[in-house]
4 protein chains.
Amino acid sequence: MSAKPERQRPERTFIESARRAQIVTAAIETIAEVGYTKTSFAKIAKRARLSSTGMISYHFAGKEDLVGAVTEEVMRVATEFMQPRIRAAQGYTGMLRAYIEANVELLAHHPVHLRALLEILNNARNAAGEPVVDATTISRIGLLTAHLRDGQRAGEFAGFFDPGLMATAVSGAIDAVITSRPPGLDPAACGRELADTFARATRPCSENPDDPKDT
Amino acid sequence: MSAKPERQRPERTFIESARRAQIVTAAIETIAEVGYTKTSFAKIAKRARLSSTGMISYHFAGKEDLVGAVTEEVMRVATEFMQPRIRAAQGYTGMLRAYIEANVELLAHHPVHLRALLEILNNARNAAGEPVVDATTISRIGLLTAHLRDGQRAGEFAGFFDPGLMATAVSGAIDAVITSRPPGLDPAACGRELADTFARATRPCSENPDDPKDT
Amino acid sequence: MSAKPERQRPERTFIESARRAQIVTAAIETIAEVGYTKTSFAKIAKRARLSSTGMISYHFAGKEDLVGAVTEEVMRVATEFMQPRIRAAQGYTGMLRAYIEANVELLAHHPVHLRALLEILNNARNAAGEPVVDATTISRIGLLTAHLRDGQRAGEFAGFFDPGLMATAVSGAIDAVITSRPPGLDPAACGRELADTFARATRPCSENPDDPKDT
Amino acid sequence: MSAKPERQRPERTFIESARRAQIVTAAIETIAEVGYTKTSFAKIAKRARLSSTGMISYHFAGKEDLVGAVTEEVMRVATEFMQPRIRAAQGYTGMLRAYIEANVELLAHHPVHLRALLEILNNARNAAGEPVVDATTISRIGLLTAHLRDGQRAGEFAGFFDPGLMATAVSGAIDAVITSRPPGLDPAACGRELADTFARATRPCSENPDDPKDT
DNA sequence: GATGAATGAGTGTTCATTCAT
DNA sequence: GATGAATGAACACTCATTCAT
């Protein structure tokens, strides 16, 4: 999230950066196609037309390092796509809608990247059994929770829901839609309807007179 | 989903059924603990106090067969827990609420089973890379979709949402809540709030006068 | 050092014990021939006429486990050879002589075993860089030190040397002789002369009137 | 052992000599720290702050060549330290004492160099499995043997021991002391006591009236 | 001359499955 | 029918060395 994330400590040669990018691309495609579990260095090397798996180990410190690079790349693409859309929206409600719509629309533009990311989030574990990339690293639920809480304080969202739980629900619903790739529905309509759903669920009481419960 | 799923084609001796159950139990615990990816016959055999992995291969046709048996068992437990709660509910809205609440509550009673199931749904792939157990196999989204559509026709749910998409969203939200095990919230309250959320989202226009969109 | 060291927890099948012994034998020969560093599972498997290295991993928990088994076996052979000779000796001086002579003579009877043991002691390290089998495990220097100290108290050895340092010197001298396999000297004479050397070095002042230093 | 061992056949540029020295130093430190077995070009390059292992291969014909250079350097340091001390001693007995003491004292001044040398002597093997640097190459035992024999002829040492065997014993004892780094004993006292030990062991009969054996 | 990139054989280990007993 | 033994492909990763630039 720093201004120049690519200017990290080890200065990389042009050719090395190119190789790394090539490997990362092959890794993304492989993970999206066969799933994280069945992805091996051998398959990635084959897709990247590399002669050996040793090549990947040469450019990346290990499997975790490669997974980290893949995550970074996907997040870069996703952020580049979503951020302008979210920034253009007005108000807390508008931004929530923009976030949901942009996220679903992202599926239409970068389905492979998104599937790879979900595979990593769900499956990648290190030797200790802990997630290699946990959800907080990519800061989805955290940011969403903060946004919902701020919107509640500003009075744009209803006060009767727990922000953390709602953020989890929103994320889960989006991921499920992404994973299931609902056939017959175009992504734009899909995103709009999902945004509608959570707009109704978070609307304040005043606009929602007979709310069934307020905890 | 047949009435007696365990009395399938090959009639099993008592001792064989016991062995299979023992292995399935060990598999569920192992998958829940270390994740599907890191689960191997060796670890299952160790937990089941079997001396060799050959034993598992003897009782199950292969990894897919074992995963299928695990899924069946988890679904049996889940159905046994949820069905009475859902049947006791009144109307489409009440049943939807009961379904969501029962599902979250199930986490409190059978966390190991649920985690194992989610691991399998997310990770288990056959040699061709296709999911071994897809979501439709366990008929969650399908049944939910049908329920939502029927409720729409009966006028209990609003008509402006797509049943399939809403079913996907509901399932995804529940799974996310289950996976994240929100700290500081007790399961009952969690389930109630999640049910509230989708109650608001599916309520008809009449009770929800100024709905922002109706596609 | 327990009475029945082979009656450990896991009861092994006859055939498994045979395989383990076969592998241990091949490992000893390989280590003695090419050195610990150049010994790999592949070479051991080849010598043992096993089809794959996986076989070794099947019978031993890992490289460390195999090295431990090799050490145990060599120590078993060495103890079996040396113990009766040492027990037959009289007095502290006699036992020290017997120990040295038996150790050198052991080289003539089991040169391969001894070379393998020395290779392991000098080279085998675990991932953390620590010796897999340290000298104290096989309790050579520890026992020797105690023997020298007791002999000093009993007045059989001179009091002017440090028992630990002398034990180290004795062990080092023996190992050097073993490693260099002095050509042209028969082992029996070799052992006798080495024992003479340390007999002179440890003899009390009374028999050694003009000792140059007494710290 | 030539007068100017570093001025060998190929005349090297200043910068090349510097690079070689830098690599040799890094190699010594690495071998001493992690052991010869776990030392690789990669680790040496890292310590020498070189960007690639190719650099090492460029300056040295191979691993054996590097090990040779390391040995030369350590021997240079050791000789520089020990030679004046030995030359200053009087008589065969005095020189033997000086040699032993200087060798142990060397450990206090250059522990890293010494550990590296012992690692190489014990572990370094070429492809054929033969030692890359054998003990005779560094001429320790050879020179010592000659010294002992000359001292015997001169009557300073007893005649009843075999010079080669005694030289081996002396070297082995010193190496064992060096390797074990006896805690709680300061190096000077250590060296003195070890020298005492072999002084007693090599003293002629006349000063040692009741010698137990004379072969 | 010097270097970063690449190589491919080799490391120990795990895996699901098969088979003779 | 049941089981311990064996298989061999696959795994991530390291190695010393080579080579085009």
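Residue numbers start from 1 in every chain, and the chains themselves are labelled A, B, ... in the order their sequence lines are given, proteins ahead of strands.
- B/H59 has no side-chain polar atom (N or O) that falls below the 4.0 Å cut-off from OP1 or OP2 of F/dA2.
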Trace of the side chain to side chain contact (heavy atoms under 4.5 Å, CB included) decision for B/L117 with B/L121: CA-CA 6 Å; B/L117 181 61; B/L121 284 176; 4.3 Å; yes
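- Near DNA chain E, meaning a heavy atom under 4.0 Å from it, residues 20-38 of chain C has no residue at all.
- The side chain of C/S40 approaches E/dT11 more closely than any other nucleotide in the set F/dA16, E/dT13, E/dT11.
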Discussion item. For a side chain to side chain contact (heavy atoms under 4.5 Å, CB included) check, start with the C-alpha distance between A/V24 and A/E72, then their side-chain angles and the critical distance, and finish with the verdict.
Written reply: CA-CA 10 Å; A/V24 164; A/E72 252 182 37; over 6 Å; no
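- With pairs defined as Watson-Crick or G-U wobble and both atom distances under 3.5 Å, the stems of at least three pairs that touch DNA chain E come out as E:2-21 with F:2-21.
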Return all side-chain donor-acceptor pairs below 3.5 angstrom for residues 52-63 of chain D, not counting sequence neighbours, or 'none' if the list is empty.
unit_1 : atom_1 : unit_2 : atom_2 : d
D/S52  : OG     : D/G54  : N      : 3.1

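- To the nearest angstrom, P of E/dT3 lies 8 Å from CG of D/L50.
- What you find for D/R125 and C/R115 is that their closest heavy atoms are NH2-NH2, 4.2 Å.
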Without placing hydrogens or testing angles, list every side-chain donor-acceptor pair under 3.5 Å for residues 30-37 of chain B, not counting sequence neighbours.
unit_1 : atom_1 : unit_2 : atom_2 : d
B/T30  : OG1    : B/A26  : O      : 2.7
B/T30  : OG1    : B/R47  : NE     : 3.2
B/E33  : OE1    : B/R47  : NH2    : 2.4
B/T37  : OG1    : A/T37  : OG1    : 3.0

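- The residue among C/K43 and B/A61 whose nearest nucleotide of DNA chain E lies closer to the 5′ end is C/K43.
- Applying the side-chain hydrogen bond (donor to acceptor under 3.5 Å, both in side chains) criterion to B/R20, with sequence neighbours excluded, gives no partner residue.
- Between the CD1 atom of A/I44 and the C1' atom of F/dA10 there is a distance of 14 Å, given to the nearest Å.
- A donor-acceptor pair is defined here as one N or O able to donate and one able to accept, closer than 3.5 Å; such a pair exists between the side chain of D/Q22 and the backbone of D/A48.
- C/S51 comes within contact range of the sugar-phosphate backbone alone, with a heavy-atom separation under 4.0 Å but no base atom that close.
- As rounded to whole Å, 20 Å separates atom P of F/dC15 from atom CE of D/M55.
- Nearest heavy-atom pair, B/V70 versus B/A27, reported as atom, atom and distance to 0.1 Å: CG2-CB, 3.8 Å.
- Minimum atom distance to the side chain of A/S52 is reached by E/dG8, of the listed F/dT3, E/dG8, E/dG12.
- Applying the 4.0 Å criterion to OP1 and OP2 of E/dT13, one finds that C/T53 has every side-chain N and O outside that range.
- Residue A/I15 is in sugar-phosphate contact alone, with no base atom involved, counting any heavy-atom pair closer than 4.0 Å across all strands shown.
- The shortest side-chain heavy-atom distance between D/I23 and D/L50 falls under the 4.5 Å cut-off.
- Between A/R19 and A/E16 there is no salt bridge, since none of the side-chain N atoms of the basic residue sits less than 4.0 Å from a carboxylate O of the acidic one.
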Please write out the pairs of protein N or O atoms and N or O atoms of nucleotides 19-21 of chain F separated by less than 3.5 Å, giving the distance to one decimal.
none

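- For B/F41 and E/dT13, the CZ to C1' distance is 19 Å, given to the nearest whole Å.
- For D/R19, a side-chain nitrogen or oxygen approaches OP1 or OP2 of E/dT3 to under 4.0 Å.
- For the atom pair C/E29 CD and C/I44 CD1, the distance stands at 10.5 Å (nearest 0.5 Å).
- A/F60 places its CZ atom 15 Å from the C1' atom of E/dA6, with the value rounded to the nearest Å.
- A straight line from CG of B/L66 to P of E/dC15 spans 14 Å, rounded to a whole angstrom.
- Heavy atoms of A/Y58 sit under 4.0 angstrom from at least one base atom.
- Rounded to whole angstrom, the span from the CZ atom of D/R49 across to the P atom of E/dG4 amounts to 15 Å.
- Two residues are said to be in side-chain contact when any heavy atoms from C-beta on lie closer than 4.5 Å; A/I120 and A/V74 fail this criterion.
- Counting to the nearest Å, the C1' atom of F/dA10 and the NZ atom of A/K46 are 13 Å from each other.
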